[in-house]
Amino acid sequence: MRNAAPGQLAADRALPRSPGMTPPVDWIRPANLEAARAAQHEIAARVETEDRLPASPALVAGVDCAGAARGAPDRVRAMAVLLSAQARSRPLATGLVEGAPAFPYIPGFLGFREIPFVLEAVGKLPQRPDLVLVDGHGVSHPRGCGIATHLGVVLDLPTIGVAKSVLVGRLEGELGLEAGSTAPLVWKGRQIATVLRSKRGVQPLFVSTGHRVSAETAVRLVMEWLAGYRLPEPTRLADRLAGEARRAAEAGEGLL
DNA sequence: GCGACAG
DNA sequence: ATCTTGTCGC
């Protein structure tokens, strides 16, 4: 079992979920696009868009994925970082996983490619966080099921989507140039995310509800977890550490 | 039919 | 996401 398909083993063994229910396999490893699309509709029907998390989360995790290594075409590396409100710059723990994705990258279906690995990476953390910041959209998705929402429902944890570009929708109105400026991202007449200028002079972030976090709280928490950079610290560290891990792997395998 | 299109 | 040096602006 040590050499089982990465995604499969990851999904079953490492699910750091509260006891009670196990997500349908199609929510994690659907056999095809049609099944994946159906799963997204099921997941979207279970999303909670109201707050159901501590007002000030003490343990916040950040997750991100990167290519495993240049030269290793279809490999993915997932990094999970656990931070505490007390020491936000110093990770309490990290979880790293690598494997071959069962899904290709298809806009709108990112979760099926990365979540199997993210689940295993989060499972390597010593404890479940109060909140998870995800690199990508939450409900600001064609079917209301971006990777942040997908992950939140599967993990049964509060999540926030922090994307660096738009998937669907359009910025409405004007976005100020100052840090903290916001504007609605609207799609089909509905606000689906908040465009946030996290820092002066940088491209904005697209913050959306993942699961159990309201749109307003999502923006507040992202702002609270910023540390002088465009991305909030949990996500920024996961992104940076994933990149460092990739370089280390390339060097270790002599792929240079 | 023609674009758009998270990471 | 990834390939990539120098360069412009806060």
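Just so it is clear: chains get the letters A, B, ... in the order the sequence lines come, proteins before strands, and each one is counted from 1.
Note on R220(A) versus E224(A): salt bridge recorded, some NZ/NE/NH1/NH2 to OD/OE distance being below 4.0 Å. By the 4.0 Å N-to-carboxylate-O rule, E34(A) lies too far from R37(A) to be salt-bridged with it. One finds a salt bridge joining K164(A) and D135(A) here, because a Lys/Arg side-chain nitrogen approaches an Asp/Glu carboxylate oxygen to under 4.0 Å. The pair D130(A)-R212(A) does not meet the salt-bridge criterion, since no charged nitrogen lies less than 4.0 angstrom from a carboxylate oxygen.
When rounded to the nearest whole Å, the span between CZ of R246(A) and C1' of dT4(C) equals 12 Å. The distance from atom CG of L177(A) to atom C1' of dG9(C) is 13 Å, rounded to the nearest whole Å. Between the P atom of dA1(C) and the CZ atom of R240(A) lies a distance of 15 Å, rounded to the nearest Å.
Residues V222(A) and S198(A) are not in side-chain contact: their nearest non-hydrogen atoms beyond the backbone lie 4.5 Å or more apart. L53(A) has its side chain within reach of L221(A): a pair of non-hydrogen atoms, C-beta onward, lies under 4.5 Å apart.
Among the protein residues, F109(A) comes within range of the nucleic acid bases, having at least one heavy atom under 4.0 Å from a base atom. Counting any heavy atom pair closer than 4.0 Å across all strands shown, V166(A) reaches sugar-phosphate atoms only and no base atom. Residue contacts shown for G201(A) are absent, as no nucleic acid heavy atom lies under 4.0 Å away. Heavy atoms of G161(A) sit nowhere under 4.0 angstrom from any nucleic acid atom.
Along DNA chain B, read 5' to 3', the first and last nucleotides having any atom under 4.0 Å from a heavy atom of chain A are dC5(B) to dG7(B).
Taking only side-chain nitrogens and oxygens, K164(A) comes nearer than 4.0 Å to OP1 or OP2 of dA1(C).
Between R200(A) and E114(A), it is E114(A) whose nearest contact on DNA chain C lies nearer the 5' terminus.
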